[in-house]
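As the structure is a computational prediction, the values presented were derived from the model and not from experiment. Order of listing sets the numbers, starting from 1, for every ligand and every atom in it. Both backbone and side-chain heavy atoms feed into the values below; hydrogens, waters and symmetry mates do not.
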Amino acid sequence: MTAEIIDGKAFALSLRERVGEVAAAFEAKAGRKAGLAVVLVGEDPASQVYVRSKGKATLAANMLSFEHKLPVDTAEADLLALVEKLNNDPSVDGILVQLPLPSHVDEQTVIAAISPDKDVDGFHVTNAGRLAVGQEGFVPCTPLGCIMLLTDRLGDLSGLDAVVVGRSNIVGKPMAQLLVQQNATVTLAHSRTKNLPEVVRRADIVIAAVGRAEMVKADWLKPGATVIDVGINRLPPADGAEKGKLVGDVAFAEASEVAGAITPVPGGVGPMTIAVLLRNTLVAAHRNEGIAMPDGAL
Ligand code: NDP
């Protein structure tokens with residue numbers, strides 16, 4: 001069997017186009033553009049790249065982008081003051097503080113300071129609680145993107161066995177909640193799970209969100225399973241190369257021989273994260289203005 005490749009890049013592109021159309025319609029109704037504020041503290045190169053691409057994508061989707069770049073030695077109190085200012089700024093619908101933050105700043109304190117109604121990353125405990133009890137809120141972008149890819153491919157997930165490997169607050173746990181909401185039967189596995197390959201072999205849907213290069217092997221998979229690989233790992237550079245290859249948490253080549261469908265790395269889940277961030281920002285803008293989202297648009 002050779003798995004169908006789930007093209008997250010193409011899906012994300014079409015989602016971004018739809019966001020752009022709905023954002024233009026929002027502007028016409030609200031008399032202003034939706035706005036996303038991104039806060040970056042310090043000069044971590046990977047974070048700089050993420051912030052730059054988020055800014056570009058926001059503008060391309062007919063929304064305003066407010067970038068706040070603060071020096072690495074910014075005091076926590078000053079960062080909290082900026083968050084408070086953004087909470088009170090009516091032109092800002094979504095606030096994203098790029099993680100990781102420098103070690104002298106407490107991430108949880110900063111996330112807790114963001115208004116839950118502008119927390120488009122869905123990291124605030126209020127939004128985690130809303131997801132847990134099934135209330136409307138904001139869901140972290142990466143797992144929401146995974147659910148979009150899954151329902152696009154499989155339609156109804158009712159009764160399917162899903163195994164999520166990894167229980168972080170930003171990927172694994174919300175992923176499990178979303179799958180339960182979709183009526184899948186969910187196992188949430190982690191580093192203490194016994195007989196992990198055996199557990200994964202039961203799954204119709206496998207979500208790998210671990211951060212270990214190519215950990216999930218072909219013989220861990222039920223033939224025909226749908227595999228969503230969230231992992232982003234850089235292998236050591238091959239001789240003479242400047243950078244190592246990017247790989248996921250699934251051994252892609254061999255897994256493709258067994259799975260029914262699989263996301264590649266790169267080009268699978270990764271591009272969905274920014275597209276869903278834009279989607280969440282646009283949803284926030286509609287809620288902030290009391291304007292209904294067009295039916296079934298996103
Ligand atoms: P974390 O490090 O926060 O969590 C990793 C999870 O994997 C933990 O729950 C841990 O278990 C579990 N784990 C670690 N080792 C094993 C093992 N040997 N067997 C089973 N489970 C194990 O990572 P994140 O959730 O933040 O990210 C996971 C991956 O997804 C990373 O590669 C990251 O780069 C990527 N990522 C990709 C995004 C995208 O946009 N595509 C966005 C976010 C993350 P325990 O809790 O027991 O320690």
Side-chain angles (χ1 to χ4, degrees), residues 6-13 15-16 38 44-47 49-54 57 96-101 107-108 111 120-123 128 131 138-150 162-179 186-203 206-217 219-221 227-236 243-252 262-280:
I6 300 175
D7 189 346
K9 203 170 161 189
F11 192 100
L13 201 65
L15 177 57
R16 282 166 58 166
V38 178
D44 176 64
S47 295
V49 172
Y50 292 143
V51 166
R52 210 173 310 131
S53 47
K54 283 169 189 167
L96 180 153
V97 177
Q98 183 66 45
L99 302 180
L101 288 168
E107 284 185 358
Q108 289 311 318
I111 292 169
V120 286
D121 251 344
F123 293 168
L131 175 61
F138 290 105
V139 177
C141 302
T142 302
L144 185 52
C146 294
I147 277 288
M148 288 179 181
L149 293 177
L150 279 171
V163 173
V164 180
V165 192
R167 57 173 163 182
S168 72
N169 290 334
I170 62 170
V171 188
K173 279 185 205 155
M175 189 72 239
Q177 301 274 12
L178 287 168
L179 286 161
V186 181
T187 303
L188 185 50
H190 46 76
S191 67
R192 309 291 178 90
T193 298
K194 280 190 223 152
N195 303 327
L196 186 59
E198 212 172 282
V199 170
V200 173
R201 245 184 323 263
R202 293 201 299 258
V206 179
I207 313 280
V210 181
R212 286 182 176 245
E214 301 177 319
M215 183 182 85
V216 177
K217 308 293 184 204
D219 64 2
W220 294 29
L221 300 174
V227 179
I228 306 288
D229 190 352
V230 182
I232 303 176
N233 311 287
R234 201 171 280 285
L235 294 178
K243 276 184 177 176
K245 196 176 151 208
L246 273 189
V247 297
D249 290 343
V250 179
F252 180 82
I262 186 167
T263 57
V265 176
V269 174
M272 290 300 290
T273 301
I274 288 188
V276 175
L277 173 69
L278 301 175
R279 178 246 176 227
N280 281 357

Legend entry - For Met215, the ligand 1 atoms whose distance to one of its heavy atoms is below 4.0 Å: 17 (C), 18 (N), 19 (N)
Legend entry - Leu15 vs Val276 side-chain heavy atoms within contact, under 4.5 Å: yes
Legend entry - Per-atom contacts of ligand 1 with Leu196, taking only distances under 4.0 Å to non-hydrogen atoms: 19 (N), 20 (C)
Inset, instruction - Look at ligand 1 and say whether Thr193 reaches it with a heavy atom at a distance under 4.0 Å. - result: no
Legend entry - Within-4.5 Å side-chain heavy-atom neighbours: Val265 and Phe252: no
Legend entry - Option with minimal heavy-atom separation from atom 38 (C) of ligand 1, where the choices are Asn169, Val265, Ile274, Thr142: Thr142
Inset, instruction - Specify the protein heavy atom at minimum distance from atom 24 (P) of ligand 1: its residue, its atom name, and the distance to 0.1 Å. - result: Ser168 OG, 3.7 Å
Inset, instruction - Starting from atom 48 (O) of ligand 1, find the nearest protein heavy-atom neighbour and note its residue, name and distance. - result: Ser191 OG, 3.6 Å
Legend entry - atom 7 (O) of ligand 1: nearest protein contact (heavy atom, Å): Val210 CA, 3.5 Å
Legend entry - For atom 26 (O) of ligand 1, closest protein heavy-atom neighbour: Ile170 CD1, 3.8 Å
Legend entry - Atoms in ligand 1 with a heavy atom of Val230 nearer than 4.0 Å: 30 (O), 35 (C), 36 (N), 37 (C), 41 (N)
Inset, instruction - Answer whether the closest heavy-atom distance between the side chains of Pro197 and Asp219 falls below 4.5 Å. - result: no
Inset, instruction - Assess whether atom CZ of Arg234 is packed by more than 12 heavy atoms of other residues, nucleotides or ligands within 6.0 Å. - result: yes
Legend entry - Whether Ser168 side chain and Val171 backbone form a donor-acceptor pair below 3.5 Å: yes
Inset, instruction - Decide yes or no for Pro100 and Glu107: does some side-chain heavy atom of the first lie under 4.5 Å from some side-chain heavy atom of the second? - result: yes
Inset, instruction - May I ask you to decide if Ile6's main-chain N or O and Thr263's side chain share a donor-acceptor pair within less than 3.5 Å? - result: no
Inset, instruction - Just need the protein heavy atom nearest to atom 27 (O) of ligand 1, so name the residue and atom and give the distance. - result: Val171 CG2, 4.4 Å
Legend entry - Donor-acceptor contact present, side-chain Asp249 to main-chain Asp229, <3.5 Å: no
Inset, instruction - For Val269, counting its heavy atoms only, list the atoms of ligand 1 lying under 4.0 Å from any of them. - result: 41 (N)
Inset, instruction - Say whether Ile232, considering both its backbone and side-chain N or O atoms, lies within less than 3.5 Å of an N or O atom on ligand 1. - result: yes
Inset, instruction - Please report which non-hydrogen protein atom sits nearest to atom 9 (O) of ligand 1, along with the residue it belongs to and the distance in Å to one decimal place. - result: Arg167 N, 2.8 Å
Inset, instruction - Consider ligand 1: state whether an atom of it lies below 4.0 angstrom from any non-hydrogen atom of Gly270. - result: yes
Legend entry - Member of Ile170, Asp121, Ile111, Asp44 meeting the side-chain contact (heavy atoms from CB on, under 4.5 Å) criterion with Leu99: Ile111
Inset, instruction - Of the side chain and backbone of Arg212, name the one, both, or neither that has a heavy atom under 4.0 Å from an atom of ligand 1. - result: side chain
